[in-house]
Chemist: 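Pasting a structure below so you can have a look.
Heavy-atom basis, side chains included; hydrogens, waters and symmetry copies ignored. In this text the structure is predicted, and so the values were computed from the model without any measurement.
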Amino acid sequence: MPEGPELHLASLFVNKVCEGVVFTGPVTKSAVSKNCDVSFTCEAYRIQASSRGKEVKLTLTPMKSDVKEGSTVQPMDIVFRFGMSGYFRFTSEEELPKHAHLRFFSNEKPCRVLSFVDTRRFGSWQPNGSWQRGRGPCVMFEYESFRKKVLSNLSNQAFERPICEALLNQNYFNGIGNYLRAEILFRLSIPPFVQARTVLEILELEDLAADTTPVKEELDDQKTSDRESKRTSQSADLLRLCHTVPLEVVNMGGKGYDPQKADYSDFQAWLQCYYVAGMKSTRDHNGRTMWFSGDSGPMVPKECKSTKAKKRVKKEEDNDAAMVAEIVPKVKTEKGVKQEAPNSKTGLRKRKVKQDGEVTRPCDNTRCLRSNKTSEAR
DNA sequence: CGTCCACGTCTAC
DNA sequence: TAGACCTGGACGG
């Protein structure tokens, strides 16, 4: 579930299912979790959620002044990060999901449980927590301050990185993750390995007020190149897309990136670049896969990795030329960038035709389709 | 069976 | 700038 949109959708989910629900008793943790105990116990409390970038905050609010041994139970905030696999569910006790690591119990007859589920356990929570220091304003819901913070700190070292890597810096881009950076840069045809400062400094002089004006001006495109470039920077500049692209996912109304979910196809259809067949992909300096098309940009990592190179030699077997390029890294004509989607490895088959004759999208990620409801759809 | 890959941080050399 | 931290699905043999 875990980029800005998924975190926000999770907060909406919590507020929806917990509306009018009274929770009771202690908050319990799974035996295997290494996260903090949540020492909160209350006869009757409510749960509300909010999100900021890649964090969700649950607020536990006692209902009456619950006097116990002379002291009132105080409200508690718990701040969650979702890692690679976190999400919330609301189920009966019997249907508690595997990997439900933190649990809140309702006072209903057959009680229900709000649980934080996290298969890989990279997620975390902080009782009595607040938004993490070092994470900037939310790209979705604190747009003006997000924009201002970036543009007033362009001299910072963070912006000497390639733009695709800077976009994952949560101090400036709180909420952007791996699929969003690919989608955002793709929409603007920005090569991912261009220095971030270079891309952003042309926005520095923009009138901030202009950014609040809706896309009207787009219709106004008379053709002088001067005007054209102005239009482009105002209606579709990078920082603006860091705001609008994640909001598109929120407004799709599904659950965002969640391959296990039935309605994942909506999200999949929305993706234009990330994991799409025909797109290129390469590793950035942190080992994260960057999806893009067109130029990689000058700061693309060199294909070295002497240690990993050995292990990684065996790849791309359907193409002799590609294989040679991989085995003999001295030939750096492509700077280590794959020219084709890594179909055989990722399960991205070129094209699939269903039994019923309906052609799937050419860019299907069949790994996700399969784990999804493909068989059920038969 | 084994290897690779995944929506993200963290801390330690 | 590696790894560590984890589980599990897809795919290859």
Side-chain angles (χ1 to χ4, degrees), chain A residues 1-10 30 32-35 51 53-56 79-87 97-101 117-126 132-135 161-162 165 167-171 173-184 245-246 249-250 254-261 264 267-268 270-271 273-275 281-291 301-302 304-318 326 338 341-349 352 364-375:
Chain A
M1 279 206 75
E3 295 184 25
E6 289 76 22
L7 279 275
H8 182 66
L9 288 164
S30 74
V32 70
S33 173
K34 293 173 180 171
N35 277 304
S51 78
K54 263 185 252 184
E55 295 183 304
V56 165
V79 172
F80 292 79
R81 266 155 270 139
F82 280 17
M84 296 282 268
S85 56
Y87 60 97
K98 200 179 177 185
H99 309 297
H101 295 302
V117 186
D118 183 9
T119 304
R120 297 181 67 182
R121 275 183 274 148
F122 293 172
S124 62
W125 61 77
Q126 293 293 152
Q132 192 177 41
R133 300 183 326 277
R135 305 190 78 104
R161 308 302 306 152
E165 294 171 19
L167 283 172
L168 295 185
N169 184 334
Q170 302 298 297
N171 187 30
F173 299 92
N174 191 7
I176 301 300
N178 207 22
Y179 79 72
L180 284 171
R181 70 170 178 172
E183 295 300 311
I184 290 164
V245 172
V249 178
V250 170
K255 296 200 69 182
Y257 189 173
D258 183 1
Q260 308 309 117
K261 201 61 176 51
Y264 179 61
F267 177 81
Q268 188 174 237
W270 174 85
L271 289 174
C273 180
Y274 180 81
Y275 244 111
S281 68
T282 189
R283 297 308 178 101
D284 68 15
H285 290 95
N286 301 310
R288 301 269 258 147
T289 302
M290 181 63 219
W291 290 85
K302 302 300 173 207
C304 297
K305 300 295 173 212
S306 54
T307 55
K308 286 225 167 186
K310 291 176 198 164
K311 292 185 176 182
R312 301 208 153 271
V313 162
K314 285 295 266 177
K315 282 226 161 186
E316 299 299 330
E317 275 138 30
D318 37 337
E326 295 258 355
K338 293 174 200 151
N343 40 50
S344 60
K345 274 305 185 186
T346 61
L348 266 173
R349 298 305 188 193
K352 275 199 117 184
D364 280 343
N365 177 346
T366 57
R367 171 165 57 151
C368 296
L369 281 182
R370 275 197 207 131
S371 66
N372 190 1
K373 306 285 183 181
T374 307
S375 54

Chemist: It should be established whether K98(A) places a side-chain nitrogen or oxygen under 4.0 Å from OP1 or OP2 of nucleotide dG8(C).
Modeler: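 So the side-chain polar atoms of K98(A) do come within 4.0 Å of the phosphate oxygens OP1 or OP2 of dG8(C), strictly under.
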Chemist: Taking only residues two or more places apart in sequence or in another chain, which ones pass side chain to side chain contact (heavy atoms under 4.5 Å, CB included) with S124(A)?
Modeler: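 Per chain and number, S124(A) pairs via side chain to side chain contact (heavy atoms under 4.5 Å, CB included) with N35(A), R81(A).
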Chemist: For D284(A) and dT1(C), give me the distance from atom CG to atom P, rounded to whole Å.
Modeler: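 It is 11 Å, rounded to the nearest whole Å.
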Chemist: Nearest whole angstrom, please: distance from the P of dC10(B) to the CZ of R133(A).
Modeler: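 Taking atom P of dC10(B) as the reference, CZ of R133(A) is at 11 Å.
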Chemist: For G123(A), does its backbone N or O pair with a side-chain atom of D118(A) as donor and acceptor, under 3.5 Å?
Modeler: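 Such a contact is found between D118(A) side chain and G123(A) backbone.
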Chemist: Out of dC10(B), dC5(B), dG8(B), which has the shortest distance to the side chain of R81(A)?
Modeler: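 Looking only at heavy atoms from C-beta outward on R81(A), the closest nucleotide is dC10(B).
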Chemist: Report the stems of DNA chain B as range-with-range entries sorted by first number; a stem here is at least three consecutive pairs, Watson-Crick or G-U wobble, both distances under 3.5 Å, and write none if there are none.
Modeler: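 When the pairs of DNA chain B are grouped into runs of at least three, the stems are B:1-6 with C:7-12, B:8-12 with C:1-5.
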Chemist: Report yes or no: does S85(A) contribute a side-chain atom to a donor-acceptor pair with the main-chain N or O of R120(A) at less than 3.5 Å?
Modeler: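 Answer holds: yes.
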Chemist: Regarding R181(A), tell me which of base, sugar-phosphate or nothing describes its non-hydrogen contacts under 4.0 Å with the strands shown.
Modeler: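 No contact at all - R181(A) keeps every heavy atom at 4.0 Å or more from the nucleic acid.
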Chemist: Okay, side chain of Q170(A), backbone of K54(A): is any donor-acceptor separation there less than 3.5 Å?
Modeler: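 It does not hold such a pair.
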Chemist: May I ask you to say what Q132(A) touches in the nucleic acid, namely base, sugar-phosphate or nothing, with a heavy-atom cut-off under 4.0 Å?
Modeler: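 Counting heavy atoms under 4.0 Å across all strands, the contact made by Q132(A) is with sugar-phosphate only.
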Chemist: Within the pair R288(A) and dC5(B), is there a side-chain N or O less than 4.0 Å away from OP1 or OP2?
Modeler: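 False: R288(A) side-chain N/O out of range (4.0 Å or more) of dC5(B) OP1/OP2.
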Chemist: So, does H285(A) get its side chain near the phosphate of dA2(C), meaning an N or O under 4.0 Å from OP1 or OP2?
Modeler: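 No, H285(A) has no side-chain N/O under 4.0 Å of OP1/OP2 on dA2(C).
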Chemist: Can you see if the side chain of T289(A) gets near the phosphate of dA6(B) - specifically, an N or O under 4.0 Å from OP1 or OP2?
Modeler: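 For T289(A), the contact criterion (side-chain N or O under 4.0 Å from OP1 or OP2 of dA6(B)) is met.
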Chemist: Looking at the side chain of H99(A), which of dT7(C), dA6(B), dT9(B) is the nearest nucleotide?
Modeler: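 Of the options given, the side chain of H99(A) lies nearest dT7(C).
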Chemist: Suppose we screen for salt bridge (charged side-chain N to carboxylate O under 4.0 Å, His left out). Which residues come up paired with R161(A), at least two apart in sequence or across chains?
Modeler: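 Per chain and number, R161(A) pairs via salt bridge (charged side-chain N to carboxylate O under 4.0 Å, His left out) with E165(A).
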Chemist: CG of L168(A) versus P of dA6(B): gap in Å, rounded?
Modeler: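 Taking CG of L168(A) and P of dA6(B), I get 13 Å after rounding.
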Chemist: Tabulated below should be each protein N or O lying under 3.5 Å from an N or O of nucleotides 11-13 of chain B; please produce it.
Modeler:
none

Chemist: For M84(A) and F122(A), which heavy atoms make the closest approach, and how far apart are they?
Modeler: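 Looking at all heavy atoms of both residues, the closest pair is CG-CD1, 3.6 Å.
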Chemist: Of all heavy-atom pairs between L180(A) and V245(A), which one has the smallest distance, and what is that distance?
Modeler: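 Taking every non-hydrogen atom into account, CD2-CG1, 3.9 Å.
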Chemist: In whole Å, what is the span from the CE atom of M84(A) to the P atom of dA4(C)?
Modeler: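 Whole-Å distance recorded here is 17 Å.
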Chemist: Does E55(A) use its side chain to pair, donor to acceptor, with the backbone of F80(A) at less than 3.5 Å?
Modeler: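 No, E55(A) side chain to F80(A) backbone: no donor-acceptor pair under 3.5 Å.
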Chemist: In whole Å, what is the span from the OH atom of Y274(A) to the C1' atom of dA6(B)?
Modeler: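 My rounded result for the distance is 6 Å.
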Chemist: Does any residue of residues 117-125 of chain A have a heavy atom under 4.0 Å from DNA chain C, and if so, which ones, in number order?
Modeler: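 Of all residues in residues 117-125 of chain A, the ones placing a heavy atom under 4.0 Å from DNA chain C are T119(A), R120(A), R121(A), F122(A).
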Chemist: Rounded to the Å, how far apart are N178(A) CG and dA6(B) P?
Modeler: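 Result: 8 Å.
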Chemist: For the P atoms, the ones on dG13(C) and on dC5(B), what distance do you get once it is rounded to whole angstrom?
Modeler: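 Rounded to whole Å, the distance is 15 Å.
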Chemist: May I ask you to decide if R288(A)'s main-chain N or O and N286(A)'s side chain share a donor-acceptor pair within less than 3.5 Å?
Modeler: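 Such a contact is absent between N286(A) side chain and R288(A) backbone.
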Chemist: Has the side chain of N178(A) got a donor or acceptor atom that lies under 3.5 Å from a matching backbone atom of T289(A)?
Modeler: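 Checked: pair present.
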Chemist: With sequence neighbours excluded, tell me which residues meet side chain to side chain contact (heavy atoms under 4.5 Å, CB included) with V117(A).
Modeler: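 Y87(A), R89(A), P97(A), H99(A), A100(A), S115(A).
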Chemist: For a side-chain contact (heavy atoms from CB on, under 4.5 Å) check, start with the C-alpha distance between V79(A) and Q132(A), then their side-chain angles and the critical distance, and finish with the verdict.
Modeler: CA-CA 8 Å; V79(A) 172; Q132(A) 192 177 41; over 6 Å; no
Chemist: Please determine whether a side-chain nitrogen or oxygen atom of R283(A) lies at a distance below 4.0 Å from atom OP1 or OP2 of dC4(B).
Modeler: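 It does not, given that no N or O in the side chain of R283(A) lies less than 4.0 Å from OP1 or OP2 of dC4(B).
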Chemist: Take atom NE2 of H101(A) and atom C1' of dT7(C), then tell me their distance rounded to the nearest Å.
Modeler: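 Atom-to-atom, H101(A) to dT7(C), this comes out as 9 Å.
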Chemist: Considering only the C1' atoms, how many Å lie between dT9(B) and dG9(C), rounded to the nearest integer?
Modeler: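 Taking atom C1' in both dT9(B) and dG9(C), they lie 23 Å apart.
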Chemist: For dG8(B), does OP1 or OP2 lie under 4.0 Å from any side-chain N or O of Q170(A)?
Modeler: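 For dG8(B), OP1/OP2 do not have a side-chain N/O of Q170(A) under 4.0 Å.
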Chemist: Taking only the P atom of each, what is the distance from dC5(C) to dC13(B) in whole angstrom?
Modeler: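 Taking atom P in both dC5(C) and dC13(B), they lie 12 Å apart.
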Chemist: Within this structure, what is the CG-to-P distance between N286(A) and dC10(B), rounded to whole angstrom?
Modeler: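 So the two atoms are 14 Å apart, to the nearest Å.
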Chemist: Hey, mind stepping through L271(A) and E183(A) against side-chain contact (heavy atoms from CB on, under 4.5 Å) and telling me if it holds?
Modeler: CA-CA 7 Å; L271(A) 289 174; E183(A) 295 300 311; 3.6 Å; yes
